[in-house]
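For reference, the structure is listed below as structure tokens.
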Amino acid sequence: MKRYFVLILVLLLVKCTTNNNSKYYGDIHIKLPKSGFEKLEGKYLYLIDVQSKSILDSVLVDKPELQFTKIQRLNLNPSFLSIKHYVVYNGFKGLRPIGFCSELSRQNHVYSLFYADETSTEIVVFDTTKLEKSSFNGSKQNAPYFNNLVLNYPEASNPFDKKVHEHNSKIIKSYPDSYLILKQLYSYKQFFAPEEIKQLLSFFNPIVEKYDLYQSLQNYLADNKLFDTKYPSFIKFENANGEKEKVSANNQSVHLIVYWASWCLPCRKEIPELKKILNKYSNKGLAITSISIDGDKQDWLTALAFEKMNWQQLLAIDSSRLQLNEQYAINAIPKSYLYNSRKQLIKTFTGFSPSLEETIKKEIIK
């Protein structure tokens, strides 16, 4: 019994030690070049949180090698920090950052900001006389920042851009622990469909789950439970006359909404089949609305004149494209959504499906 008690006590101590250490940044070591020490001797260096602009700690420059230790962290997120000192320029007193180079960067730049976590940081300050080599050794969170890596987001006219997806996937898979990349995904979330966000999140390592932005993204996705199912009556599209218009079923019991584009060959091939279905079931309760995602309105109007579709025709303009991107997974066209009289989704179809007519027939017979 005593042995088990000792084991439990050891495990508790290990757990407490781990949690305690996570409350602090790793030690931050600073090495000043000779010229830098001569300029700063007797002054203070200040550790600054860039986001809050607060001073976390200060250290007197009384020797060339200095360090900040036991600096408390507000949360488990990596923090963006800077080390500064006061200077007087033209009679004004202000804070000026120290600079450093990094082997993590593929470019020969001098940096003044860095990410810090529980990993120790060692900075050899950049020497303006270039007599000593500058370096940075610290958290791997800095690699995406030092290399200026950024996620891309799609244009409203092409919300499911494959090149954008491939670019973003490659970055996340290369830096799956990155808080900076997760932060960018959160900032751009309104440009991505929830399904795309879920897929990009899956490329991160589990460690990012402890960051607050990860939970914020999960909450954002939870608020989109109706993703790809809503009846789009909340969106204003544009009709051929340039007027804002909402989808309308004209009191019909079954409503088929088709997303297409003039440049999409399968979409154009589907139109004769839609005409046949509408002629067969319009008197029995079927309505159709076609919504184009064409980027060029004139191309859409030309297609309308050629195809002569005798049902509601709408165009997704910039604002409505953004809403479509947020609420629907239209990652291939033609894509059709079939709704019942209560505006509830019955089924979706990607591409023309032989089962479309049978599904409509069953719903009308009910």
Side-chain angles (χ1 to χ4, degrees), residues 153-162 164 188-194 196 224 226-279 281-282 285-339 341 343 345 348-352 356:
Y153 54 84
E155 297 291 337
S157 59
N158 188 16
F160 297 95
D161 190 322
K162 287 185 179 180
V164 170
Y188 301 158
K189 63 184 182 298
Q190 70 271 23
F191 297 104
F192 295 107
E196 175 71 356
N224 283 273
L226 295 177
F227 174 71
D228 209 36
T229 63
K230 291 181 185 178
Y231 186 76
S233 57
F234 59 95
I235 302 177
K236 288 184 178 181
F237 299 97
E238 188 174 296
N239 62 27
N241 297 321
E243 301 164 336
K244 296 293 179 63
E245 186 176 326
K246 294 183 179 181
V247 295
S248 173
N250 295 323
N251 298 319
Q252 297 285 63
S253 59
V254 181
H255 194 183
L256 182 68
I257 298 177
V258 182
Y259 294 93
W260 73 295
S262 65
W263 45 261
C264 167
L265 185 58
C267 300
R268 304 295 288 264
K269 287 183 176 180
E270 180 189 51
I271 292 172
E273 299 301 324
L274 294 177
K275 289 179 178 179
K276 292 177 185 178
I277 292 174
L278 184 62
N279 288 337
Y281 295 101
S282 61
L286 173 65
I288 298 180
T289 296
S290 288
I291 301 174
S292 171
I293 60 169
D294 270 289
D296 189 316
K297 183 178 179 180
Q298 189 55 51
D299 288 345
W300 173 62
L301 292 173
T302 301
L304 292 187
F306 181 85
E307 298 291 356
K308 296 180 171 55
M309 294 176 278
N310 61 335
W311 57 86
Q312 186 182 33
Q313 301 294 326
L314 300 173
L315 175 68
I317 53 178
D318 287 345
S319 58
S320 49
R321 281 198 200 104
L322 184 58
Q323 288 177 290
L324 288 178
N325 187 20
E326 290 176 346
Q327 302 295 337
Y328 300 92
I330 310 171
N331 45 14
I333 54 174
K335 184 170 183 180
S336 304
Y337 295 71
L338 187 64
Y339 295 90
S341 58
K343 306 297 187 287
L345 182 68
T348 61
F349 304 86
T350 301
F352 183 75
L356 173 60

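From a predicted model like this one, the values you see are computed outputs, not experimental measurements. Start at 1 with the first residue, then count along the sequence.
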- Item | N239: partners by side-chain hydrogen bond (donor to acceptor under 3.5 Å, both in side chains), with sequence neighbours left out | E243, E245
- Message: Working to the nearest 0.5 angstrom, can you tell me the gap between N279 CG and L274 CG?
- Response: 11.0 Å
- Item | side-chain hydrogen bond (donor to acceptor under 3.5 Å, both in side chains) against K297, all qualifying residues, sequence neighbours excluded | E238
- Note on the structure: What one should report as the nearest heavy-atom pair of Q313 and L304 is OE1-CD2, 3.5 Å
- Backbone of S262 reached by a side-chain donor or acceptor of D294 within 3.5 Å: yes
- Non-hydrogen atoms of W260 and I271 that approach each other most closely: CZ3-CD1, 4.3 Å
- Looking at residues at least two apart in the chain, or sitting in another chain, which of them share a side-chain hydrogen bond (donor to acceptor under 3.5 Å, both in side chains) with N251? none
- Set of salt bridge (Lys or Arg N to Asp or Glu O under 4.0 Å) partners for D299, sequence neighbours left out: none
- Note on the structure: For P266 and P334 the tightest heavy-atom approach is CB-CD, 3.9 Å
- Item | ring-ring contact (aromatic ring centres under 6.0 Å, His included): pairs with one or both residues in residues 307-330, sequence neighbours excluded | Y328-Y337
- Item | Residues that P272 engages under side chain to side chain contact (heavy atoms under 4.5 Å, CB included), provided they are two or more places apart | none
- Note on the structure: Sorted by chain and residue number, the ring-ring contact (aromatic ring centres under 6.0 Å, His included) partners of F349 (sequence neighbours excluded) come out as none
- Item | Which atom of R321 lies closest to which atom of I293, heavy atoms considered | NE-O, 4.0 Å
- With sequence neighbours left out, which residue pairs that include part of residues 255-279 fulfil the salt bridge (Lys or Arg N to Asp or Glu O under 4.0 Å) condition? R268-E307, E273-K276
- Item | Contact summary for L256 and S336, nearest pair of heavy atoms | CD1-CB, 3.7 Å
- Task: Starting from the C-alpha separation in whole Å, work towards a yes-or-no answer on side-chain contact (heavy atoms from CB on, under 4.5 Å) for M309 and V258.
- Result: CA-CA 12 Å; M309 294 176 278; V258 182; over 6 Å; no
Would you mind writing out the side-chain donor-acceptor pairs for residues 230-237 within the sub-3.5 Å range, not counting sequence neighbours?
from, atom 1, to, atom 2, distance (Å)
K230, NZ, Q327, OE1, 3.3
Y231, OH, H255, ND1, 2.8

- Item | From I257 atom CD1 to Q312 atom CD, the distance as rounded to the nearest 0.5 Å | 8.5 Å
- Atom pair CG (N241) and CG (L301), whose distance is rounded to the nearest 0.5 Å: 9.5 Å
- Note on the structure: Shortest non-hydrogen pair, L324 vs A316, comes out as CD1-CB, 3.8 Å
- Query: Distance from S290 atom OG to Y259 atom OH, nearest 0.5 Å?
  - Reply: 10.5 Å
- Message: List the residues meeting side chain to side chain contact (heavy atoms under 4.5 Å, CB included) with S282, not counting sequence neighbours, and say none if there are none.
- Response: L278
- Message: Which residues pass the salt bridge (Lys or Arg N to Asp or Glu O under 4.0 Å) test with K189, not counting sequence neighbours?
- Response: none
- Y339: which of L345, T229, V254 passes side-chain contact (heavy atoms from CB on, under 4.5 Å): L345
- Query: Just by distance, do the side chain of Q252 and the backbone of I288 share a donor-acceptor pair under 3.5 Å?
  - Reply: no
- Message: Y153: which residues meet the side-chain hydrogen bond (donor to acceptor under 3.5 Å, both in side chains) condition with it, sequence neighbours left out?
- Response: none
